[in-house]
Every structure is written in C-alpha cells, then in structure tokens.
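Remarks on the structure that follows.
All values below come from the heavy atoms of this structure, side chains included, with hydrogens, waters and symmetry mates left out. One is the number of the first residue; the rest follow in order along the sequence.
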Amino acid sequence: MGGLPQALHVGRSKFERHPKTIIACGGLVDSMSNTTRAAVGSDELAVLKLLALDGARRGEVKVSCANLADRLDASSQTASRRLQSLDDDGLVDRDLVSDGQWVQVTEDGERLLESEYEDYRRIFEESTDLSLAGTVTGGMGEGRHYINLPGYKRQFADKLGYEPFPGTLNVALSAQSQRERAAMESLDGIPIDSWEDEERTYGSATCYSGVLEADSGTYEPVHVIVPDRTHHDEDQIELIAPDRLRDELDLDDGDDVVVHVEDE
C-alpha cells in the first residue's frame with residue numbers, strides 16, 4: 001500500500017503556520033494562518049485563470065496589480081488581496097519587485113484548474129465515465145492492516161457492499177492519465193467517514209466505482225480509494241476489491257491495465 005496509510009491516519013495535533021507580514025501591491029498585508037483562511041472562491045479562481053492564460057502555468061510572468069485590476073474591473077487593492085489569497089493557499093508562487101511581481105502557477109494551482117476544466121468537460125460532453133491507463137506497481141505492503149481496521153471495514157461492507165481483500169492494488173498512471181485523473185473529483189463518489197479509537201483519529205476517504213481491465217480479462221467491482229486529507233501522489237491510484245486482483249487477473253508488476261471509473 002503506497003501513500004494510503006499515512007493519508008488515512010490523522011494525528012490529533014494540528015500544524016499551524018505562524019502569521020506573517022508580506023509586502024503586496026497595496027502595501028503591507030497581514031496574512032492569516034492556514035486554519036483561518038477561507039477556501040478559494042470564484043474571484044480568486046478567476047485570477048488564477050487569467051494568470052494561466054498569460055502563461056503563468058508554463059513559467060513566471062510579470063504582473064502589475066493595476067493592469068490586473070483593469071481586467072477584473074476591480075480596484076488595485078482588490079487585485080492585490082486576490083493574489084495574496086492565491087499565494088497563501090499555495091496556488092501561485094510570487095517574487096515581488098519594485099514595479100510589480102513575477103508570478104507562476106504552482107502544481108496545486110494547476111490541479112485546481114484541471115479540476116475546473118474537467119467540470120466543464122463533464123457539462124459539455126455526454127460521457128461521464130473516465131478511463132485511466134497505467135501499469136501495476138508494488139506498494140508498501142501495509143494495506144492489510146489499514147483495510148482491516150474496524151472503522152473502515154464496517155463502512156466498506158455497508159457502503160460498497162463487500163469487505164475488501166486486505167490490501168490495495170497500486171497502479172502507476174501514464175502521463176496522459178495523470179492529467180486526466182482530476183476528472184474523478186467531478187464524479188459522484190462514495191464517502192468513507194473519518195473515525196477514531198482510543199489512540200488516534202483516522203481520516204476520511206472517497207471511493208469511486210470502476211472496472212479493472214487487463215490483457216487477461218476484466219474484473220468488477222473495484223473501487224479507487226482516495227484519502228480526502230492528503231497531497232497524495234498524482235501519478236498513482238490505489239484499488240480495493242473483494243478479491244486479490246493480482247490473482248484474479250494474473251497480474252505482475254509492470255503489466256498494463258485500464259481502470260474505467262464510473263459515476264455513481
């Protein structure tokens with residue numbers, strides 16, 4: 001099991017970044033800590049889109065708050081606050097200079113834009129199914145423990161209709177599928193709630209229904225399990241199923257597979 005155990009285990013203590021003062025276009029702006037910052041809104045998303053259209057997804061671009069404000073039909077102070085919010089949320093990197101700033105969209109910012117793109121693609125395209133291609137790869141071998149934990153095992157049985165084989169099948173995604181996996185977030189998944197025992201708290205996750213296709217045949221049902229509170233690796237997905245998928249489809253590391261993820 002790859003990143004799943006660390007992602008599903010959530011300690012009771014919380015890491016909080018200290019507030020800091022940052023020089024922005026409109027002067028000195030006090031940034032809020034991660035725990036008090038609001039989620040990115042549509043206004044900030046609009047700025048992120050403009051930056052990407054200007055080339056900030058491919059590299060640094062020079063940004064003037066006055067020019068950005070004109071395009072947003074807003075004040076320079078408003079433009080500054082929106083850039084600050086994007087920076088605070090780790091969606092852009094900024095290098096402030098005397099006559100403006102150099103800005104580049106981060107990997108997290110690109111993932112957010114990809115998610116928005118997939119939402120629109122879902123609106124305008126008829127099919128809601130998603131096919132992710134990759135190769136079977138080895139995990140950390142910890143799946144047996146985490147899949148068997150009672151708080152998860154009970155929910156899997158109730159919500160998925162089966163008790164999973166104690167372990168996951170790891171699939172290393174192709175470059176194209178790494179870009180397309182953001183579409184899963186626009187599909188209806190099955191929530192697996194967080195829970196706790198006397199020692200620790202375990203995080204929530206979302207399961208997406210699917211069919212696994214290999215040269216030897218197909219298997220269903222499978223579920224892609226995605227921990228909700230993690231920066232999980234974007235280049236892999238993890239599958240759970242009632243049986244050991246390697247045995248059912250005679251799979252070895254390096255074998256090509258396709259996961260057809262379906263809307264609920």
Side-chain angles (χ1 to χ4, degrees), residues 1-8 107 110-111 114-115 117-119 121-122 125-144 146-147 152 155-157 159-192 203-264:
M1 200 165 178
L4 188 59
Q6 293 83 358
L8 290 179
E107 290 184 3
E110 185 169 349
R111 280 194 290 269
E114 287 173 345
S115 179
Y117 166 74
E118 294 298 343
D119 283 345
R121 191 170 78 166
R122 188 182 181 197
E125 296 181 6
E126 292 184 2
S127 176
T128 58
D129 292 346
L130 172 67
S131 294
L132 300 175
T135 57
V136 175
T137 185
M140 298 294 292
E142 297 176 330
R144 181 178 301 274
Y146 282 88
I147 296 300
Y152 292 131
Q155 292 187 70
F156 291 144
K159 298 181 179 183
L160 306 185
Y162 64 85
E163 290 188 3
F165 170 81
T168 63
L169 181 74
N170 291 55
V171 177
L173 297 176
S174 67
Q176 178 66 25
S177 291
Q178 289 179 41
R179 293 188 289 269
E180 293 176 347
R181 68 165 291 165
M184 277 200 303
E185 297 180 10
S186 67
L187 300 178
D188 293 327
I190 300 170
I192 304 298
S204 59
T206 302
C207 289
Y208 297 92
S209 301
V211 178
L212 179 62
E213 179 183 353
D215 289 342
S216 57
T218 61
Y219 182 100
E220 62 178 312
V222 300
H223 286 86
V224 181
I225 182 166
V226 181
D228 292 334
R229 296 182 61 181
T230 181
H231 293 292
H232 52 273
D233 293 337
E234 296 296 317
D235 60 350
Q236 290 191 18
I237 55 175
E238 296 183 80
L239 306 178
I240 59 175
D243 303 300
R244 189 173 189 266
L245 293 171
R246 286 177 179 266
D247 293 340
E248 294 296 315
L249 294 176
D250 193 23
L251 296 174
D252 293 315
D253 286 357
D255 285 349
D256 293 328
V257 295
V258 178
V259 184
H260 302 284
V261 188
E262 304 168 341
D263 212 353
E264 286 295 321

Nearest heavy-atom neighbours spanning [X] and [Y]:
X: Ala241; Y: Pro221; answer: CB-O, 3.8 Å
X: Pro191; Y: Gln155; answer: O-OE1, 4.4 Å
X: Glu163; Y: Ala157; answer: CG-CB, 4.0 Å

For this session: Could you give me the CA-CA distance, side-chain angles and deciding distance for Leu173 and Asp235, then say whether side-chain contact (heavy atoms from CB on, under 4.5 Å) is met?
Result: CA-CA 5 Å; Leu173 297 176; Asp235 60 350; 5.6 Å; no
Would you say the side chain of [Y] lies within less than 4.5 Å of the side chain of [X], judging by non-hydrogen atoms?
X: Ser209; Y: Ile190; result: yes
X: Asn170; Y: Val136; result: no
X: Ser131; Y: Val259; result: no
X: Ile240; Y: Cys207; result: yes

To the nearest 0.5 Å, what is the distance between [atom1] ([X]) and [atom2] ([Y])?
X: Thr206; Y: Leu187; atom1: OG1; atom2: CG; result: 11.5 Å
X: Asp252; Y: Thr135; atom1: CG; atom2: OG1; result: 12.0 Å
X: Ser204; Y: Tyr152; atom1: OG; atom2: OH; result: 8.0 Å
X: Ile192; Y: Ile225; atom1: CD1; atom2: CD1; result: 6.5 Å
X: Arg244; Y: Thr168; atom1: CZ; atom2: OG1; result: 11.0 Å
X: Ile237; Y: Leu169; atom1: CD1; atom2: CG; result: 8.5 Å

Exercise. Only one of Tyr162, Phe165, Tyr208 clears ring-ring contact (aromatic ring centres under 6.0 Å, His included) with His223; which?
Worked result: Tyr162
Problem set entry | By side-chain contact (heavy atoms from CB on, under 4.5 Å) - contacts of Ala133 (at least two apart) |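 For Ala133, the residues satisfying side-chain contact (heavy atoms from CB on, under 4.5 Å) (neighbours in sequence not counted) are Ser174, Ser177, Val258.
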With [X] via side-chain hydrogen bond (donor to acceptor under 3.5 Å, both in side chains) - residues at least two apart:
X: Ser115; result: Glu185
X: Gln176; result: Arg179, Glu180
X: Glu248; result: none
X: Asp250; result: none

For this session: Could you please spell out the steps behind the side-chain contact (heavy atoms from CB on, under 4.5 Å) verdict for Asp228 and Val226?
Result: CA-CA 6 Å; Asp228 292 334; Val226 181; 5.5 Å; no
Problem set entry | Basic-acidic side-chain contact under 4.0 Å: Asp253, Arg246 | yes
Exercise. Could you walk me through whether Val171 and Gln236 pass the side-chain contact (heavy atoms from CB on, under 4.5 Å) check?
Worked result: CA-CA 5 Å; Val171 177; Gln236 290 191 18; over 6 Å; no
For this session: Report the C-alpha distance between Glu262 and Val211 in whole Å, list the side-chain angles of each, state the deciding distance to 0.1 Å, and finish with yes or no for side-chain contact (heavy atoms from CB on, under 4.5 Å).
Result: CA-CA 8 Å; Glu262 304 168 341; Val211 178; 3.5 Å; yes
Please list, one pair per line, the donor and acceptor atoms closer than 3.5 Å that link side chains of residues 212-219 to other protein atoms, with sequence neighbours excluded.
unit_1, atom_1, unit_2, atom_2, d
Glu213, OE1, His260, NE2, 2.6
Ser216, OG, Leu249, O, 2.5
Tyr219, OH, Asp243, N, 3.4
Tyr219, OH, Asp243, OD2, 2.6

